[in-house]
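What follows is one structure encoded as structure tokens, with my remarks underneath.
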Amino acid sequence: MTLAAESLSFHEGDFLSSLNSEQQRAVIMQGTPLLVLAGAGTGKTRVLTTRIAYLLNKAYAGPQEILAATFSNKAAAEMRRRTRDLAGEQAEFVWLGTFHSLGSRILRRHASLIGYSPDFTILNADDQLRLIKQIAKENKGRRIVPSTLAANVINRWKDRGLTPVDLEFAPYLYEGYQDVFSLYKAYDAALHRFNAMDFGDLLLQTVRLFETTASVLERFRKQFRHILVDEYQDTNAVQYQWLKLLAPTGENLCCVGDDDQAIYSWRGAEIDNILHFERDFPHAQIVRLEQNYRSTAPILAVASSLIQKNTTRLGKTLWTGAEGGAPVRLKGHGRSREEAQFIAQDILRLRQQGLAFADIAILVRASAQTREFEEAFIALGLPYRIVGNIRFYERTEIRDALAYLRIVAMPHDSLAFERILNVPKRGLGKVFLQKLHTLSQEQHCSLFEAAHSLIKETTRPSAALQQLRLFLDFILCWHQKIDTLSSADILKGLLSASGYRTMLQEEKTPEAAGRLENLDEFVRALAEFPELKGFLDHISLVSESAPSSQADMISIITLHGAKGLEFEAVFLCGWEEGIFPHPRALDEGNIDEERRLAYVGLTRAKRFVTITFARQRYLYNQWQTALPSRFLRELDLSQVTLLGGLVREEIETTALAAASQFHNPLS
DNA sequence: GGGGGTAAGTTTTTT
DNA sequence: ACTTACCCCC
């Protein structure tokens with residue numbers, strides 16, 4: 001045995017021996033489609049990263065032959081970091097990223113094969129909505145559909161892999177949405193005209209590429225000897241097609257997920273992907289990770305009792321080797337303000353037990369619920385943060401600044417052009433813009449080119465044209481500087497020279513001051529990316545939250561936002577009919593998904609769970625009488641302490657009343 | 001082109 | 001109640 005082999009096997013034993021036997025199976029098993037059902041807190045990321053390291057160390061695959069897809073950039077970064085810890089530098093070369101970033105990487109290479117040029121721009125949700133609105137305006141005459149609704153419907157079609165051509169041949173698929181369908185066609189044409197792809201396209205067009213170009217597909221099939229997928233329960237139909245094309249038999253496919261944590265059906269995720277894995281990939285093996293390393297036994301018992309009420313699930317039961325643990329607590333309140341005050345006081349108590357604020361989270365169903373907690377916390381001087389509030393890169397001023405950067409880096413980026421043409425005011429308003437649009441459509445060119453030809457054609461320049469000429473000169477002037485100046489300097493210069501900064505300074509409102517601060521923050525952030533194009537590429541696929549301080553603060557967060565996180569103590573509030581389960585979800589027949597949401601919430605806690613509800617809640621414009629959530633009735637109450645005079649009957653009877661009220665046409 | 005008034009909606013959110 | 005978006009009029 002050589003020295004290298006010896007050290008290799010030592011290393012391998014090292015990182016395998018710290019796994020439990022099921023985790024080891026999930027790491028080692030090969031040659032068969034593999035589904036790892038990883039319950040909450042069972043070491044899912046650990047299995048994924050160890051599996052990659054194992055494949056590399058055993059030389060089953062080179063780094064470039066491994067494809068690992070995640071959902072969020074955060075998850076991808078975490079996985080990259082931990083893989084590097086296990087496997088060293090070679091981890092850098094693994095094709096690891098979000099589905100979207102992997103898609104864009106593939107498309108940048110082969111875009112010309114499907115009628116795009118490789119420097120296509122990527123539209124975020126904001127750009128997309130603007131474009132759709134604008135097209136809706138041009139196509140008016142038909143019944144007006146709210147653009148947000150239209151964008152939503154179009155995105156769902158894209159999630160399902162349906163191009164306008166597909167829909168054309170299957171009219172039943174757009175039944176009731178004729179207007180949106182015609183808008184979709186126009187939108188799709190516009191995307192091609194602008195050489196732009198929206199987020200959905202990054203997946204959809206990759207699938208199109210694979211389907212239309214056998215040689216490319218063949219190449220990638222050969223290259224990716226191992227494919228790993230994180231959060232498989234959240235994949236949509238296109239992502240499934242994508243995987244099925246790359247791994248038709250699934251022999252080299254390892255999907256990790258938890259059907260009990262599927263909470264994103266409303267944005268196109270198909271829980272059936274995970275439920276039908278065995279049917280989709282014959283001879284599949286399923287490994288269940290059920291040993292939980294996060295929560296106490298009572299918390300797991302309560303979570304299990306609830307999720308068992310779901311009928312369509314693959315089924316698994318979390319257990320823990322750890323003994324003891326406080327019971328889950330349940331507390332009812334009169335008015336919702338009391339609920340917030342109780343939680344605030346209870347946090348003070350937890351502090352005395354040695355918990356930090358950062359160990360504590362309030363989990364809400366909808367962000368509207370956060371306000372009363374803010375008030376209660378401010379009153380007591382408790383530090384808190386609202387997680388995932390407004391994202392930094394979605395703020396108006398940041399989007400504007402980005403548009404300036406984009407138009408200077410890529411003058412033909414028409415959406416950036418349009419966004420800032422009249423910001424600050426240059427007397428080039430909507431009428432003028434309409435003219436440019438018409439021209440760009442006629443000549444199949446960008447707005448920038450349209451603006452150029454408009455200037456050339458006109459002999460007697462109006463005031464508007466004068467302004468336009470200045471604007472174009474401005475763009476070209478800065479365009480020439482992008483290779484010589486740092487991106488931070490470019491942004492600084494752009495904001496001053498364009499008059500954007502002056503515009504905000506003259507506003508003299510507290511808001512405008514905040515925006516100026518945000519812009520300064522943005523300039524500082526940009527210093528990390530000396531080269532402008534590199535930054536723009538990075539930013540198009542990332543939506544970072546506002547730079548959050550590391551300070552010790554209580555987290556107030558939605559149940560959706562909490563997925564993947566863990567806290568010592570968790571408060572689950574607003575467990576009332578009308579709040580949770582949410583009525584809209586009930587309308588859509590999604591009670592099971594609401595229940596999974598409750599399950600996600602419960603399993604975030606390591607040691608303490610407190611569930612609360614209020615009998616009176618101020619909602620919209622008035623005090624509303626609320627009944628305890630039907631989910632309370634589904635909990636294993638033997639593991640629950642009822643606080644403050646709350647009796648079992650109240651939960652049982654009112655929850656029953658709630659359920660019957662909902663189905664009773666007389667009430 | 002811009003400002004003001006009205007109407008409508010108000011779950012969850014990543015890429 | 002409150003925000004936000006859109007439309008119309010100045």
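Order of the sequence lines fixes the chain letters, A, B, ..., with proteins taken first and strands second; residue numbering starts at 1 for each chain.
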- Message: What is the distance, to the nearest angstrom, from the CG atom on A/L129 to the P atom on B/dT13?
- Response: 17 Å
- Item | Whole angstrom value for the distance that separates P of B/dT13 from CG of A/N73 | 17 Å
- Considering residues at least two apart in sequence or located in another chain, which fulfil the side chain to side chain donor-acceptor pair (under 3.5 Å) criterion with A/R80? none
- Whole Å only: how far is the CZ atom of A/R156 from the P atom of B/dT15? 15 Å
- Task: Side chain of A/K425 only, please: which of B/dT15, B/dT13, B/dG2 is the nearest?
- Result: B/dG2
Review item, nucleotides 4-11 of chain B N/O atoms under 3.5 Å of protein N/O:
residue	atom	partner	partner atom	Å
B/dT11	OP1	A/R584	NH1	3.2
B/dT11	OP1	A/R584	NH2	3.4
B/dT11	O4'	A/H582	NE2	3.1
B/dT11	O2	A/R365	NH1	3.3
B/dT11	O2	A/R365	NH2	2.4
B/dT11	O4	A/E588	OE2	3.0

- Task: Provide, to the nearest angstrom, the distance between the CZ atom belonging to A/R371 and the P atom belonging to C/dA1.
- Result: 12 Å
- Among B/dT15, B/dT13, B/dG1, the nucleotide that comes nearest once only the side chain of A/T98 is considered: B/dT15
- Message: Over all strands shown, is A/I263 touching base, sugar-phosphate only, or nothing at heavy-atom distances under 4.0 angstrom?
- Response: nothing
- Does the ring of A/Y264 carry A/R267 above it, NZ/CZ under 6.0 angstrom from centre and within 45° of its axis? yes
- Item | Nearest-angstrom distance from the residue atom CZ of A/F580 to P of B/dT12 | 13 Å
- Message: Counting only side-chain nitrogens and oxygens, does A/K133 get under 4.0 Å of the OP1 or OP2 atom of C/dC6?
- Response: yes
- Atom C1', compared across C/dC2 and B/dT13: separation rounded to whole Å: 23 Å
- With a 4.0 Å cut-off on heavy atoms, is A/G427 in touch with a base, just the backbone sugar-phosphate, or nothing at all? sugar-phosphate
- Query: A/L67 pairs by side-chain contact (heavy atoms from CB on, under 4.5 Å) with which of A/L246, A/L253, A/L228?
  - Reply: A/L246
- Output all residues satisfying side chain to side chain contact (heavy atoms under 4.5 Å, CB included) with A/A111, sequence neighbours left out; order by chain, then residue number. A/Y116, A/F120
- Item | With A/F580 via ring-ring contact (aromatic ring centres under 6.0 Å, His included) - residues at least two apart | A/W575, A/F631
- Message: From OH of A/Y264 over to P of B/dT13, roughly how many Å is that when rounded to an integer?
- Response: 7 Å
- Item | A/N155 CG to B/dT12 C1', straight-line distance once rounded to whole Å | 15 Å
- Who passes ring-ring contact (aromatic ring centres under 6.0 Å, His included) against A/H582, sequence neighbours left out? none
- Message: If I pick the C1' atom on B/dT11 and the same atom on C/dC6, what distance separates them, to the nearest angstrom?
- Response: 24 Å
- Item | Nearest-angstrom distance from the residue atom CD of A/E231 to P of B/dT15 | 12 Å
- Task: State which residues pass ring-ring contact (aromatic ring centres under 6.0 Å, His included) with A/Y187; sequence neighbours excluded, sorted by chain then number.
- Result: none
- Message: Pick the closest DNA chain B nucleotide for A/L597 and for A/N422 by heavy atoms, then say which residue is nearer the 5' end.
- Response: A/N422
